[in-house]
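Note: hydrogens, waters and symmetry copies are ignored here, and every other heavy atom, side chains too, is used.
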Amino acid sequence: MSSSQEVGQIFGEGTGPATALLRSPTVFIAAIGLWGVNIWIFQSWGIDYKHVLLLDIVGSAGEEMSDEGDEVDEEEVEDGNSSLVASIGSGLKKESGKKTSDGSTGVVRTAAGIAAGVDQSASSDSLSSMLSNKSTGVTFDNDRSITSTKLMSFSIFLFVLLQITEFVWLNLLQSDTIGAIFAFYGFAGMAIALPFKSTRWIRLSTGIVLKRIWDLIVPRCYCLRGSNLSNIIKPVPFLDVFFADAMCSMSKVFFDLAMLWHLASHYPEAVPSSVHSIIIPSFFASIPYLIRARQCIVMHTVGKFANDPKRSQHILNAIKYSTSLFPICLSAYQKTLSSSEDADMLEKVLIVLLIVNSFYSFAWDVIMDWGMLENPTSVIEEHCMSKSDLIGRPQVGCEKGCLRSKLRFGPAISAVIIVIDGILRFTWILRFYENELFVGKDEFILCTALVEVVRRAIWNVLRVEWELIKQKKKAGNARINQFNDEIDSLTKANGMSNGGGIALVPVRRSTSRGSLSSSRGGSLSGSRSSL
């Protein structure tokens, strides 16, 4: 959730550079630049973020196209490529679909291979290399690629445009704030819409964002197909989860956009101080949390069909997002009260709610979203005991084991990120020093909104890293399952049993979460030569 769910001065004429109207584009511009920083970090540390974000969507597209049968005409192949183009941030261009000798398209084969964790490209196992392969019918267009440099440069351009528009409109023209914000959006829209080759990637990015928003409003996870209950509800792709989490950090932006509608509807009069005037903005601010809570419920239902023993975690996650809704509504309702005693009483309740949400969210960040400190007892036994107690066990440092065994950024950087995230989760404490540190309420809200998007950018680093680790683990389990299936088919074909020349330790098939276990600690032993 946002570090503080204050709503600022929402009633009145809305004057000043830090009001709801001018702070919302500032936060949005900062989010664009920070995503560019994220991309730079991922590329610097060798993390294929496109593969992580798009793996579920490409795999689902391959399964859906495969289920339609081998008779896929050229128009359907083009539609499949179009969906990939809309999902890939770097921009793709379509080529004519060609069927392979088995009657399926390259897109289907590659997508299905990615979903199963099977390498389809000899040169690289990344999604970018797979999609660039000629067999997919899709190639990359560098002119439309979305890079860190482009995003950071675009955010700087928008920030300068906002400052110029604000100065000219408010100081030189002596006009009001609502005119300045509409002028900024108009100038920015015209700059993006001009058919220049250099801005084509911006138009593509805008289309991708709009498609992501549409997929959240009309979720792709519901696919009615036949009477099989297991096919009624599909898992929520990681890209949708990742995008919805980013929207949660911009909850104040949604609130401010709704207030813009109120100011425009009452212009030139001031917005009246009433409960009616707060319902719509509060609802808009709650939309990202409601979307995430719905996604959690969908994933719990998927886990129920798959008999996932950990499906209750999705309900706990939904409860976490519900704890973000109460401070939003309570803080907004507080502005409508005329009695100072009632406002003070609600202030105490609001602080309790913020404390609960901050601790809950921080613990979820560390344990669930980043995969750290999942089993402290096991960490002490395996990594923090003396070497004499660890004979035959892999030696991993105690400080690294306390987090998790695989750390792309190392234990020091990972620990610093955890500490910073924990501190920024509690920046709402600055409300007690508001008069000493800030000129007014709106400046305080602008500061906390910017701090939240910074915290989200830091959160993204470890979240994408952890998702990549889980995807690799799931791909390995899929290959083991495929190997076991081949062994079973060969055994049946040769009329043999497990005791007839094939020595295998019983291995249980991985679940939908990619876990793998066996009767002897998940090990697999066998002799291919015995076949």
Side-chain angles (χ1 to χ4, degrees), residues 1-11 14 16-38 151 154-155 158-159 161-163 165-166 177-178 180-186 188-189 192 205-206 208-210 212-214 216-217 242-264 271 277-292 321 324-325 327-329 331-332 335 361 424 427-428 441-460:
M1 65 166 285
S2 180
S3 57
S4 173
Q5 294 299 340
E6 292 283 352
V7 295
Q9 188 61 39
I10 58 178
F11 303 120
T19 58
L21 298 184
L22 291 177
R23 72 172 178 246
S24 56
T26 303
V27 175
F28 185 72
I29 292 170
I32 295 176
L34 288 170
W35 177 240
V37 174
N38 277 147
L151 287 171
F154 182 54
S155 64
L158 290 178
F159 182 75
L161 178 62
L162 177 64
Q163 298 306 311
T165 305
E166 174 190 338
T177 308
I178 191 171
I181 194 62
F182 276 114
F184 166 74
Y185 286 137
I192 296 174
S205 303
T206 303
I208 292 172
V209 171
L210 294 177
R212 296 279 73 74
I213 295 175
W214 176 256
L216 295 181
I217 297 175
F242 188 80
F243 192 81
D245 277 330
M247 290 174 60
C248 290
S249 291
M250 302 183 70
S251 174
K252 291 186 180 67
V253 174
F254 286 88
F255 187 97
D256 294 343
L257 292 177
M259 282 307 303
L260 174 61
W261 179 82
H262 265 308
L263 285 170
V271 178
S277 299
I278 204 63
I279 291 178
I280 294 180
S282 298
F283 173 74
F284 271 72
S286 303
I287 288 177
Y289 302 104
L290 293 174
I291 290 175
R292 279 297 289 124
Y321 287 105
S324 301
L325 298 175
I328 294 176
C329 300
S331 178
K335 304 300 178 182
S361 300
L424 297 185
T427 51
W428 55 267
K441 173 71 71 175
D442 287 312
E443 286 73 15
F444 165 63
I445 303 306
L446 175 61
C447 176
T448 56
L450 289 174
V451 166
E452 172 58 19
V453 294
V454 171
R455 188 202 65 79
R456 179 60 62 180
I458 297 173
W459 179 90
N460 290 341

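For the residue pair S282 and S286, the shortest heavy atom distance occurs at O-OG, 2.8 Å. The two residues A285 and S251 have their closest heavy-atom pair at O-OG, 2.7 Å. The two atoms that bring F254 and F284 nearest to each other are CB-O, 3.3 Å, heavy atoms only. Contact record, V27 with A449: CG2-CB, 3.6 Å, taken as the closest heavy-atom pair. Across W35 and L151, no two heavy atoms sit closer than the pair CD1-CD1, 3.4 Å.
N38 pairs by the side chain to side chain donor-acceptor pair (under 3.5 Å) definition with N460, not counting sequence neighbours. A188 is linked by a side chain to side chain contact (heavy atoms under 4.5 Å, CB included) to L158, L161, counting only residues two or more places apart in sequence or in another chain. Considering only residues two or more places apart in sequence or on other chains, L34 meets the side chain to side chain contact (heavy atoms under 4.5 Å, CB included) condition with V453, V454, A457. By the side chain to side chain contact (heavy atoms under 4.5 Å, CB included) test, Y185 pairs with S24, P25, I181, L257, L260, sequence neighbours left out. Looking at residues two or more places apart in sequence or on another chain, you find a side chain to side chain contact (heavy atoms under 4.5 Å, CB included) between F243 and V209, R212, I213, L216, M247. Residues passing the ring-ring contact (aromatic ring centres under 6.0 Å, His included) test with F154, sequence neighbours excluded: W201.
Sparse packing is recorded around CZ of F28, with 12 or fewer heavy atoms of other residues, nucleotides or ligands lying under 6.0 Å away.
Between D245 and Y321 there is a side-chain heavy-atom pair separated by less than 4.5 Å. In this structure, M250 and P288 have side chains that are not in contact, with every pair of non-hydrogen atoms separated by 4.5 Å or more.
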*Show the numbers, then the answer: is there a side chain to side chain contact (heavy atoms under 4.5 Å, CB included) between R455 and T427?*
CA-CA 11 Å; R455 188 202 65 79; T427 51; over 6 Å; no
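Annotation: the span from T26 atom OG1 to L162 atom CG amounts to 5.0 Å, rounded to 0.5 Å. Rounding to the nearest 0.5 Å places CG of L446 at 9.5 Å from CG of D256. Atom CZ in F255 sits 10.5 Å away from atom NZ in K252 (nearest 0.5 Å).
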